[in-house]
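Report on the structure given below.
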2 protein chains.
Amino acid sequence: MDVMPVSDLSHAAQNYLKLIWSATEWSPAPITVSVMAERLGVRPSTVSDGIKKLAGQGLVTHAPYGSIELTDAGRAHAVAMVRRHRLLETFLVDVLGYSWDEVHDEAEVLEHTVSDTLIDRMDRKLGHPVRDPHGDPIPGADGRPSMPKGTQLSAAAAGNTVAITRISDADPQMLRYFTELGLAPDTRLTVTEHRPYADVTTVRVHEPERDIDLGASASDAIWVVAV
Amino acid sequence: MDVMPVSDLSHAAQNYLKLIWSATEWSPAPITVSVMAERLGVRPSTVSDGIKKLAGQGLVTHAPYGSIELTDAGRAHAVAMVRRHRLLETFLVDVLGYSWDEVHDEAEVLEHTVSDTLIDRMDRKLGHPVRDPHGDPIPGADGRPSMPKGTQLSAAAAGNTVAITRISDADPQMLRYFTELGLAPDTRLTVTEHRPYADVTTVRVHEPERDIDLGASASDAIWVVAV
DNA sequence: CAAATTTGTTCGTTAAGCCTAACATTTAAG
DNA sequence: CTTAAATGTTAGGCTTAACGAACAAATTTG
């Protein structure tokens, strides 16, 4: 079985591959059937069937009750889907004036139906961007791997001054909250303190100078690099 | 059964409705099952089943072996699909640098998956265009009917000076030929003569001044209005 | 106008992707 | 370490949109 173009995979297969890949982008733990089912809004039995089929196509390795791992071919498809998704998000924001909390769902649908040509033209129009509106790295057309990842704000040492490099796009409502706070990719801030049992991280941001308290979910969603 | 949004119809149903509507946009003859099957690349039995289902949903009227007619609800959906298609084509050409012979297939896929929001944003970005790159009228968001239609070049009286108002997008190869000849919407020309048995229409175009002979398929694909 | 041809319809089947229910395995708790 | 709980798998069905084969109706032709 040859390398097949993205378009030869069913939408469901594309989603499975992207999700498996995404699970390991920011944390090392491999994904499970039930987590996949929950994220995709389907039953575990559906995912179990789907994974079996992907394994038959040589896109993942999986023995019953075993872990789910992408093959090289599967990873290539997954990365291509991620590239599509993130270029679309960038295009919707930069060209069509979407806000960063609106783009995820639209991109989720379009990533399956736009042609490679359209992806290339968007990429060119945008000047070959390397990050999407949430700061997530956009893989190149050759599937080149991601940029440096940074660490979660919740794990950054107190006292350090850092720049936001990405903010997880999982929760649009949280994104709107960050917009209100003036937190976005490239915002610089100083980590004031972590208060462990309250699960609160306090940061200081400039212009205007202010202190912000962030709970665990917020400080896990924000990734930073030292500046 | 209430008026349902476009997105609640299957892609197949959307295509059926659009095709039925399109058949009567430029010629009065209603469409047949076999023509639909041929255009959609499926078997007549598939179309026959599909039409029956649309009739059950109140989107077309059709008795077995009878003619196929859109209901008001069906027409509204069809026009919404046509609007989507033509706005997409316009967007791809104006914003992403597609040529007019490339856009049809891309729009054909995307029209089923873009959100109403995206359609609105493209429409705004484009300044609410009223014609697509082939000159076809773009229905408004309210489904307002089309612009004046003009007549086929093959039916324009010799001696008249006219402007091209639309060129059928059915055949990309023919569109590339027209590009070479410098024929596009809004090009002005004078009809020199029709030679009936040769099925050739000769027209004179300015800048640079030149005579062009067009066969029947070409002069049927071009629609003109008096200037 | 009767026969032949074309056109349209019905019906049984297939494939994908989902479901529920029943069952199997693994992991966690007592 | 054994049982209970959680997780994963299999089996059987449903729906949609396609197909081909067989049949029905309408149209064209001789």
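Given the structure is predicted, the values throughout are model-derived calculations rather than measurements.
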Checklist entry - Would one find a side-chain N or O of B:His62 under 4.0 angstrom from OP1 or OP2 of C:dT9? => result yes
Please check if the side chain of A:His62 supplies one atom and the backbone of A:Gly66 the other of a donor-acceptor pair under 3.5 Å. yes
Separation of D:dT7 atom C1' from A:Ile31 atom CD1, nearest Å, is 14 Å
Of the candidates C:dC18, C:dT9, D:dA17, the side chain of A:Ala12 sits closest to C:dC18
Result for 5'-nearest mapping on DNA chain C, choosing between A:Pro64 and A:Lys53, is A:Lys53
- Query: If we ignore angles and hydrogens, is there a donor and acceptor under 3.5 Å between the side chains of B:Ser115 and A:Glu106?
  - Reply: yes
Base, sugar-phosphate alone, or nothing: which one does A:His11 contact when heavy atoms must sit under 4.0 Å apart?
nothing
Between CG of A:Asp49 and P of C:dG17 the distance, given in whole Å, is 10 Å
NA contact type, A:Thr46, heavy-atom cut-off 4.0 Å: base, sugar-phosphate, or nothing? base
So, is A:Ser10 near the phosphate of C:dG17, with a side-chain N or O under 4.0 Å from OP1 or OP2?
yes
Here the distance between atom P of C:dG8 and atom CD1 of B:Ile68, to the nearest Å, is 8 Å
A:Met36 CE to D:dT7 C1', in whole Å, measures 15 Å
Quiz prompt | Phosphate-side-chain proximity, B:Ser34 and C:dG8, N/O vs OP1/OP2 below 4.0 Å | solution = yes
Report yes or no: is there a donor-acceptor pair, N or O only, under 3.5 Å between the side chain of A:Ser48 and the base of D:dT10? no
Between OH of B:Tyr65 and C1' of C:dT6 the distance, given in whole Å, is 12 Å
Regarding B:Arg121 and A:Glu102, does a basic nitrogen lie under 4.0 Å from an acidic carboxylate oxygen? yes
B:Leu40 CG to D:dC19 P, in whole Å, measures 10 Å
key: N/O (side chain, B:Lys52) to phosphate O (OP1/OP2, C:dT10) under 4.0 Å   = yes
A:Glu38 CD to D:dG8 P, in whole Å, measures 12 Å
ask   = So does A:Arg166 pair up with A:Asp132, basic N to acidic O under 4.0 Å?
value = no
B:Arg43 CZ to D:dA22 P, in whole Å, measures 15 Å
* **A:His77 vs A:Gln14, side chain to side chain donor-acceptor pair (under 3.5 Å): CA-CA, chis, key distance, verdict** => CA-CA 7 Å; A:His77 285 299; A:Gln14 290 171 358; over 6 Å; no
